[in-house]
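In what follows, every heavy atom counts, from backbone to side chain, and hydrogens, waters and symmetry copies are set aside. Quantities reported herein were computed from a predicted structural model and do not represent experimental measurements.
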Amino acid sequence: MATPLGNLRDLSPRARDTLAAVDAIAAEDTRHSQKLLDAFGIRPRRLLAVHQHNEQQAAGQIIERLARGEHVALITDAGTPAISDPGARLVERVREAGYAVSPVPGACAAIAALSVAGIAEGGFRFIGFLPAKTQSRRTALTALADEHNTMVFYETPHRIKACTADMAEVFGGGREIIIARELTKLHEEIAVIPLNEAEAWFAADANRLRGEFVLIVRGAEMPNGIDADALRILGLLLDELPLKTAVRLAAEITGVSRKGLYAHALKQHQ
Ligand code: SAM
């Protein structure tokens, strides 16, 4: 179940009731979560540690509890479990063991940032944290350079400058980035700028390098005004038909120019 990103009032009434009612709460960092529980006057019957390094083993213990008829809630330090956080393996194991797993939705940093990004078109691709090492990060970004969907990243304060600089280099400085910092907290800031202005934005105020960040980057522009639907249809036809036939049919179905689709199809087949 989800817990607040910073503003305690974002804990939903249902989450609060659930935390108070369950037999045990599995938490990523029990000391951290104790503060949340204290703030709501919730005294858990049992607090269990479930983190990245013990998820498999903890799953076994939780399944034993469920077998005794207990109810267990899973929370992480902030936001929604299993989203760049522990939880997915536990959910898988518990479900495999035959027990129901039910979400108690609430705050999620990626979704909160997307909700204020102001990007109407297309879907989004959640990337989460990029690799920490420079070379691997650049390789990962290069693989995303042609992604048409909006991309959502999590990043830590000590890599934020290097990461946005790499993005500017790989995606091009003109691409728009939304830097969503300290969401729901006192120093919340949301900047919508071209990637080549990110460095100056951070330099303008040293405090901007502190806190927590979601980075949203607009997807690559569609070639020659070809929209996502046309590309999807072209892709499906290319899987089944020779290139020329696929392009001709895609142009007829979508009304997009044959020339543009042909150039795109050739690129896909390189
Ligand atoms: N599962 C959580 C979620 O979905 O919100 C995310 C957990 S992940 C370990 C932590 C990262 O989420 C941070 O490094 C940051 O990128 C992002 N994040 C969490 N709280 C945030 C906030 N208040 N403002 C901006 N980003 C935040």
Would a 4.5 Å heavy-atom cut-off, applied to side chains only, mark Leu130 and Ser136 as touching?
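No - every pair of side-chain heavy atoms lies 4.5 Å or more apart.
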If we only count heavy atoms from C-beta on, is the Arg9 to Thr184 side-chain gap below 4.5 Å?
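Answer no - side chains too far apart.
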Shortest non-hydrogen contact from [X] to [Y]?
{"X": "Ala73", "Y": "Met1", "result": "CB-SD, 3.8 Å"}
{"X": "Pro86", "Y": "Gln52", "result": "CG-N, 3.9 Å"}
{"X": "Met151", "Y": "Ile127", "result": "CB-CG1, 4.4 Å"}

I need the [X] [atom1] to [Y] [atom2] distance, nearest 0.5 Å.
{"X": "Asn149", "Y": "Ile119", "atom1": "CG", "atom2": "CD1", "value": "10.5 Å"}
{"X": "Lys35", "Y": "Leu37", "atom1": "NZ", "atom2": "CG", "value": "12.0 Å"}
{"X": "Leu5", "Y": "Asn7", "atom1": "CG", "atom2": "CG", "value": "9.5 Å"}
{"X": "Leu19", "Y": "Ile25", "atom1": "CG", "atom2": "CD1", "value": "4.5 Å"}

Donor-acceptor pairs under 3.5 Å, side chain of residues 238-256 to any protein atom, not counting sequence neighbours: which ones?
unit_1	atom_1	unit_2	atom_2	d
Thr254	OG1	Ala250	O	2.6
Thr254	OG1	Val256	N	3.2

Table please: side-chain donor-acceptor pairs of residues 158-171 below 3.5 Å, with sequence neighbours left out.
unit_1	atom_1	unit_2	atom_2	d
Thr164	OG1	Ile160	O	3.0
Thr164	OG1	Lys161	O	3.1
Asp166	OD1	Arg138	NE	2.9
Asp166	OD1	Arg138	NH2	3.1
Asp166	OD2	Arg137	NE	2.9
Asp166	OD2	Arg137	NH2	3.0

Only pairs under 3.5 Å count here: list side-chain donor-acceptor contacts from residues 40-51, not counting sequence neighbours, and write none if there are none.
unit_1	atom_1	unit_2	atom_2	d
Arg45	NH1	Ala21	O	3.1
Arg45	NH1	Val22	O	3.1
His51	ND1	His53	N	3.4

More than 12 non-hydrogen atoms from neighbouring residues, nucleotides or ligands closer than 6.0 Å to CZ on Arg89, yes or no?
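Counting other residues, nucleotides and ligands, CZ of Arg89 stays at 12 neighbours or fewer.
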In terms of hydrophobic clusters joined by side-chain contacts under 4.5 Å, are Leu183 and Ile179 together?
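No; tracing contacts between hydrophobic side chains, which count when under 4.5 Å, never links both residues.
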Any chance you could lay out the side-chain contact (heavy atoms from CB on, under 4.5 Å) test for Arg181 and Glu188, step after step, and finish with the verdict?
CA-CA 6 Å; Arg181 174 176 167 260; Glu188 177 181 284; over 6 Å; no
Name each donor-acceptor pair under 3.5 Å that joins a side chain in residues 193-222 to protein atoms two or more places apart or in another chain, with its distance.
unit_1	atom_1	unit_2	atom_2	d
Asp205	OD1	Asn207	N	2.9
Asp205	OD1	Asn207	ND2	3.4
Asn207	OD1	Arg210	NH1	2.3
Arg208	NE	Glu189	OE2	2.9
Arg208	NH1	Trp201	O	2.9
Arg208	NH2	Glu189	OE2	3.1
Glu212	OE1	Lys185	NZ	2.9
Arg218	NE	Glu176	OE1	2.9
Arg218	NH1	Glu121	OE2	2.6
Arg218	NH2	Glu176	OE1	3.3

Look at the side chain of Thr80 and the backbone N and O of Ile83, then say whether any donor-acceptor pair between them is shorter than 3.5 Å.
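A pair under 3.5 Å: no.
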Which pairs would a plain distance check flag for residues 94-113, meaning a side-chain donor or acceptor within less than 3.5 Å of a matching protein atom at least two apart in sequence or in another chain?
none

Distance-only donor-acceptor check, side chains Asp85 and Thr76, under 3.5 Å:
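Side chains of Asp85 and Thr76: pair found under 3.5 Å.
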Pairwise ring pair (Phe, Tyr, Trp, His ring centres under 6.0 Å) hits with a residue in residues 102-129, at least two apart
Phe126-Tyr154, Phe129-Tyr154
